[in-house]
There are 2 protein chains.
Amino acid sequence: MFVRTTDPLLRPNSLRALGMSSGSDPIVRLNEITYKKGKEIYGEKEPAEYVYQVKTGAVRSYKLLSDGRRQIGAFHLAGDIFGLENGTTHRFTTEAVVDTTVLLIKRQSLETVAESDAMVAKNLLGMTTTNLQHAEDHMLLLGRKTSLERVAAFLIEMDKRLTAAGVLALPMSRRDIADYLGLTLETVSRAISHLHELGVLGFVGNTQRQIILLDRHQLASLDLQP
Amino acid sequence: MFVRTTDPLLRPNSLRALGMSSGSDPIVRLNEITYKKGKEIYGEKEPAEYVYQVKTGAVRSYKLLSDGRRQIGAFHLAGDIFGLENGTTHRFTTEAVVDTTVLLIKRQSLETVAESDAMVAKNLLGMTTTNLQHAEDHMLLLGRKTSLERVAAFLIEMDKRLTAAGVLALPMSRRDIADYLGLTLETVSRAISHLHELGVLGFVGNTQRQIILLDRHQLASLDLQP
DNA sequence: CGTACGGTTGACTAGCCTCAACCAGAGTGG
DNA sequence: CCACTCTGGTTGAGGCTAGTCAACCGTACG
């Protein structure tokens, strides 16, 4: 799914790559902003002025119902691009999960480049398709998987995306995970405890924020796929 | 969301429009195929050879888990384009819900055109974004809405897309609706009965496949949005 | 005419949610 | 340095929503 490079900011689908013309001249300048934990980056229905790439930290993007129920559509980790809208307004609210630094680029400048540069247009389409694919898989999870399968799928996804040396240091809280998986935080907690009892995972020290995956194969078997 | 024209095949995002160059010369030929009710159009993971547009009828696209649980990601009705993949393989299985005629176009020919024609590339991106937007909204429904809210949202969506003279003639079965909404067919049936009791909808004759929406305003209030 | 299919409804069950208590670690201020 | 509070996490008891299983009904169809 993602190409692994030593530096996530330099992989093919980076903002830098997006802003390159086919002739590989950097066309746009990248600015940098840091958001404190919990701070909003942009709100749903706000005009989409910028496109972002996570440099360090993590971002959640979500929708709210009027009574406060929340659905997180995606977590954006180091290297991920977000805020790429086609229309002129954002369709999610995004917040920093932890202290987070992002690169940003004016949406407008991207669009004008895409007009004339097929390479850039292709990159835009590719990124949108990646998002679509993730959303499609997530619909299956939300519509048809059990709580244990959801949590297993989540751990596998995060393992692929942010593991360092076999330890998952999850930046997000149980509540965030729950709102991503369409569950309650208690159910998430119970599922993780259950996986612990099964010997699929362990914890670093006493704190349970860091998880060691002990048996990836068994974990994968708990998440039904095709 | 959708532009209304008298003929759904002629609205802006049609296959015909897709196949036009900026100079509006028709570049590609459109073929036509008819599928009997229940017949598969293409399978998940099959190579994506064609892009389709529904001429008459309805199509469901879905994913399966290995134990048979099914999640329908979308219904495609007259005028809708589907099977537009960026990679080379399909990510859903699609079947005709009823007897259905589709137009088709070789994916390859579209791609080559998009290479050189910014207009076509823009259309492709726009359609992918429309699909993404639908998937994002559906995640919220699947993750956070109650059964009654889901069914109400479904009826509202179908009302927007296929109502003729205040009557919803649903082409799909209760099972299809259930697999679209992440419910069971019994729960869908009960929700519809409940809406009937509430006086929000009625039926044409004895058959309950055709639904009259009596109170769209009340229906909308049952589906929490922002 | 009999059968198959799709839909409805009822009785019961189960999985997840709600409410609540409790606990550990990180800050904070006296 | 210690008490205090706050936050995030776990766990238990009980309730509710949606799922399961099953019977029944009407229409369509061979």
Side-chain angles (χ1 to χ4, degrees), chain A residues 36-38 58 60 65 67-71 97-99 141-152 154-155 168-197 201-211 222, chain B residues 36-38 60 65 67-71 97-99 141-152 154-155 168-197 201-211 222 224:
Chain A
K36 283 270 168 223
K37 172 177 177 173
R60 59 179 170 254
L65 293 177
D67 63 356
R69 280 174 283 173
R70 183 177 70 156
Q71 179 62 44
V97 173
V98 292
D99 291 0
L141 178 147
L142 293 171
R144 287 300 177 220
K145 290 188 183 178
T146 66
S147 63
L148 198 65
E149 288 165 349
R150 293 180 201 209
V151 171
F154 172 77
L155 292 174
L168 267 179
L170 298 175
M172 68 289 284
S173 68
R174 295 288 185 263
R175 167 161 295 283
D176 283 342
I177 299 172
D179 285 348
Y180 179 58
L181 299 178
L183 301 169
T184 60
L185 63 93
E186 292 94 332
T187 300
V188 171
S189 181
R190 281 185 241 273
I192 290 177
S193 297
H194 188 55
L195 291 172
H196 187 207
E197 285 165 23
L201 54 81
F203 301 108
V204 176
N206 314 354
T207 171
Q208 312 212 344
R209 199 66 170 257
Q210 297 191 68
I211 292 177
L222 291 173
Chain B
K36 283 270 168 222
K37 172 178 178 174
R60 57 178 171 254
L65 293 177
D67 63 357
R69 279 173 284 172
R70 183 177 69 155
Q71 179 63 43
V97 173
V98 291
D99 292 0
L141 179 148
L142 293 171
R144 287 298 177 223
K145 290 188 182 177
T146 67
S147 62
L148 197 65
E149 287 166 350
R150 292 180 202 208
V151 171
F154 171 76
L155 292 175
L168 268 179
L170 298 175
M172 68 289 283
S173 69
R174 295 288 184 264
R175 167 160 294 283
D176 284 342
I177 299 172
D179 286 348
Y180 179 58
L181 299 178
L183 300 169
T184 60
L185 63 94
E186 292 95 332
T187 300
V188 171
S189 180
R190 280 186 243 272
I192 290 177
S193 297
H194 187 55
L195 291 172
H196 187 206
E197 285 165 23
L201 54 82
F203 301 109
V204 175
N206 314 354
T207 171
Q208 312 214 342
R209 198 68 170 256
Q210 297 190 70
I211 292 176
L222 291 173
L224 272 272

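Protein chains get the first letters and strands the later ones, always in sequence-line order, with residue 1 at the start of each. Just so we're clear, the structure is a prediction, and the values are computed from it rather than from any experiment.
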| request: Taking B:Gln210 for its side chain and B:Leu170 for its backbone only, find out whether a donor-acceptor pair lies under 3.5 Å. | output: no
Could you tell me whether A:Glu149 and B:Arg69 make a salt bridge, using a distance below 4.0 angstrom between a side-chain N and a carboxylate O?
-> yes
Query raised in the report: Is the shortest side-chain N to carboxylate O distance from A:Asp99 to A:Lys37 below 4.0 Å?
Result: no
**Prompt:** Are any of B:Ser193's side-chain N or O atoms less than 4.0 Å away from OP1 or OP2 of C:dT9?
**Reply:** yes
From the list A:Leu181, A:Asp179, A:Leu185, side-chain contact (heavy atoms from CB on, under 4.5 Å) with A:Leu183 holds only for A:Leu181
Rounded to whole Å, please give me the gap between [atom1] in [X] and [atom2] in [N].
X        : N      : atom1 : atom2 : answer
A:Asp176 : D:dT7  : CG    : C1'   : 13 Å
B:Gln210 : C:dG6  : CD    : P     : 17 Å
A:Leu185 : C:dT18 : CG    : C1'   : 11 Å
B:Phe203 : C:dG7  : CZ    : P     : 11 Å
A:Lys37  : D:dT7  : NZ    : P     : 10 Å
B:Ile177 : C:dG6  : CD1   : P     : 13 Å
A:Asp179 : C:dC16 : CG    : P     : 16 Å
B:Arg175 : C:dT8  : CZ    : C1'   : 15 Å

Applying salt bridge (charged side-chain N to carboxylate O under 4.0 Å, His left out) to B:Arg190 and not counting sequence neighbours gives none
Those residues at least two apart in sequence (or on a different chain) that pass salt bridge (charged side-chain N to carboxylate O under 4.0 Å, His left out) with B:Arg60 are B:Glu95, B:Asp176
Protein-proximity profile, nucleotides 16-24 of chain D, B/S/- by nucleotide at the 4.0 Å heavy-atom cutoff, equals --SSBBB--
